[in-house]
Amino acid sequence: MNTDQFLVKSAVNYINSSSYTWQTPSNIALVKYWGKSNPQIPKNASISFTLNNCHTITTIDFTKKEKSESVDFDLFFEGKQKDEFKPKIAEFFNRIQDYCPYIFHYKMTINSENSFPHSSGIASSASGLSAVAMCLMSLEKELVSGLTSEYIIKKASFLARLGSGSASRSIEGPLVVWGKHPEIDGSSDLFGVKFSEKVHPIFSNYQDVILLVDKGEKQVSSTVGHNLMHKHPFAENRFQRANENLTKMSKILQNGDIKSFINLVESEALTLHAMMLTSNPYFILMKPNTLEIINKIWQFRETTNSNICFTLDAGANVHVLFPENEKNDVLNFIENELSKFCQKNHYICDYTGLGAQKI
């Protein structure tokens, strides 16, 4: 793996101050990655839909100062100073210091806000750290001449990955692969790449309604969850199966076999939770209302022949996926039948997006 390509090799022309604002989305994996090695290398490849409405908006103000031994930054989340978030960001800066040495020459003030509840099973680390990465690359573009747009996107994904693996998939959209896979051109463990094959129209502007079953802190952090795979008795089989499933998903996305899409996406979601159920220590990440929603979706699909399906991240919330041409019927079903299982009847209507946007 060649990480030298992301080192700063040209002269750095420092500026006194600058400010950048980026809006970057969360994403929802269709084929999951669960298990990694250092530094943030996935045990299997994954593919995700990039979302649109579930995003983080981050502004970083950079002010030039004397070079320091440690990175100097203040962090504000939704208008309030959040020192409890600083260790994760400090660790991120520590991991990227060789690739972004200029960060030691600036005081950074980071202001961030989410369009969705933090730490509730929507990938807030994915949107949050990809936004920080894009702000850093905006600064690097000013400090170092000759950077191409392609390089900036690739390095932003590389940097974001070092903070949160799934963040590598939030820079672009609507479908992004992360992890080296023999049948995905350009795929890498170091950064995410856009799915390059022509996608069937049925998957265009695909809908995702996130049912907020539990808006509280996740029972198990992603870091803890991934670490449980190190000695998991079924881990190697899972990694192999995930890569096989990505091969299948690639074909499905191209040929439009939506029934196979439904089966594979739901199987992947349940397998992720099965790995947590069979780890040691073991965890049940679903809530009773999660199961109620899943059974309602299955019943609705059987009686109406809808192409609705669900997926899950490592939490209780349910992502309801369906093609755009079923939007009215499915939204009525969600409002009338599923919203009662959500905390305060809350859900978020979203759809596939194109990735990071500068504001």
Side-chain angles (χ1 to χ4, degrees), residues 1-3 5-6 22-52 54-56 58 92 95-96 99-100 122-138 140 147-197 199 203 206 208 222 226 239 242-243 245-247 249-250 253 265 268 311 313 352-358:
M1 291 182 293
N2 178 22
T3 60
Q5 62 184 302
F6 300 114
W22 279 88
Q23 175 181 300
T24 58
S26 183
N27 63 76
I28 180 65
L30 306 174
V31 174
K32 313 291 185 180
Y33 108 92
W34 199 242
K36 61 187 177 182
S37 56
N38 286 327
Q40 298 286 88
I41 301 300
K43 291 291 190 178
N44 64 265
S46 58
I47 187 169
S48 60
F49 273 140
T50 308
L51 299 180
N52 186 79
C54 289
H55 59 251
T56 298
T58 295
F92 169 63
R95 289 177 179 175
I96 69 168
Y99 309 101
C100 305
I122 303 172
S124 58
S125 60
S127 56
L129 285 159
S130 57
V132 172
M134 289 306 300
C135 289
L136 290 173
M137 289 310 299
S138 290
E140 185 170 321
L147 301 186
T148 65
S149 297
E150 180 183 2
Y151 176 82
I152 289 168
I153 291 296
K154 185 182 288 188
K155 183 168 178 177
S157 179
F158 169 80
L159 295 176
R161 184 202 101 243
L162 290 171
S164 165
S166 58
S168 68
R169 300 192 308 249
S170 281
I171 303 297
E172 296 185 281
L175 283 158
V176 177
V177 175
W178 171 47
K180 183 65 177 175
H181 192 280
E183 296 181 37
I184 305 294
D185 289 343
S187 60
S188 173
D189 290 340
L190 298 179
F191 47 81
V193 298
K194 286 181 69 171
F195 183 66
S196 59
E197 304 295 338
V199 177
F203 298 115
Y206 219 70
D208 179 7
S222 295
H226 285 291
F239 302 146
N243 282 322
N245 282 347
L246 183 49
T247 297
M249 181 59 74
S250 175
L253 291 169
V265 166
E268 275 286 310
T311 188
D313 268 340
T352 53
L354 299 178
Q357 301 176 46
K358 193 172 184 180

| said: Working note: Y33 + R169, criterion side-chain contact (heavy atoms from CB on, under 4.5 Å); need CA distance, chi angles, decisive distance, verdict. | reply: CA-CA 12 Å; Y33 108 92; R169 300 192 308 249; 4.0 Å; yes
| request: Assign the ring pair Y99 / F158 to parallel, tilted or perpendicular, where the plane angle (0 to 90°) is split at 30° and 60°. | output: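 Perpendicular: the ring planes of Y99 and F158 meet at over 60°.
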| What is the ring orientation for F49 with Y206, classed by angle as parallel under 30°, tilted 30 to 60°, or perpendicular over 60°? | parallel
Determine the minimum heavy-atom distance between [X] and [Y], stating which atoms define it.
X: T50; Y: G173; value: OG1-CA, 3.2 Å
X: A156; Y: M134; value: CB-SD, 3.3 Å
X: L129; Y: A167; value: CB-CB, 4.2 Å
X: Q40; Y: G165; value: NE2-N, 3.3 Å
X: N243; Y: K43; value: ND2-O, 4.5 Å
X: V31; Y: A45; value: CG1-O, 4.1 Å

Separation between [atom1] of [X] and [atom2] of [Y], rounded to the nearest 0.5 Å:
X: S222; Y: K36; atom1: OG; atom2: NZ; result: 7.5 Å
X: H55; Y: Q357; atom1: NE2; atom2: CD; result: 8.5 Å
X: I184; Y: L246; atom1: CD1; atom2: CG; result: 5.0 Å
X: K180; Y: D189; atom1: NZ; atom2: CG; result: 8.5 Å
X: S127; Y: N27; atom1: OG; atom2: CG; result: 9.0 Å
X: T311; Y: I28; atom1: OG1; atom2: CD1; result: 5.0 Å

| field | Qualifying residues under side chain to side chain contact (heavy atoms under 4.5 Å, CB included), relative to S196, sequence neighbours excluded | value | D185
[X] vs [Y] side-chain heavy atoms within contact, under 4.5 Å:
X: V177; Y: S46; result: no
X: V265; Y: M249; result: yes
X: R161; Y: L190; result: yes
X: R95; Y: L159; result: no
X: E183; Y: S250; result: no
X: T56; Y: S124; result: no

| task | Report yes or no: does S157 contribute a side-chain atom to a donor-acceptor pair with the main-chain N or O of S168 at less than 3.5 Å? | result | yes
| message | Pair N245, K32 - check side-chain contact (heavy atoms from CB on, under 4.5 Å), show working. | response | CA-CA 10 Å; N245 282 347; K32 313 291 185 180; over 6 Å; no
| message | Pair I153, F191 - check side-chain contact (heavy atoms from CB on, under 4.5 Å), show working. | response | CA-CA 9 Å; I153 291 296; F191 47 81; over 6 Å; no
List the residues meeting side-chain hydrogen bond (donor to acceptor under 3.5 Å, both in side chains) with [X], not counting sequence neighbours, and say none if there are none.
X: S188; answer: none
X: S164; answer: S125, S166
X: S130; answer: T24
X: S187; answer: none

| message | Does either side chain, that of T247 or that of H181, offer a donor lying less than 3.5 Å from an acceptor on the other one? | response |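 A donor-acceptor contact under 3.5 Å links the two side chains.
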| said: Evaluate M137 against K155 for side-chain contact (heavy atoms from CB on, under 4.5 Å), listing each step before the verdict. | reply: CA-CA 8 Å; M137 289 310 299; K155 183 168 178 177; 3.7 Å; yes
| message | Under the rule for salt bridge (charged side-chain N to carboxylate O under 4.0 Å, His left out), what residues qualify as partners of E172, not counting sequence neighbours? | response |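 Here no residue qualifies.
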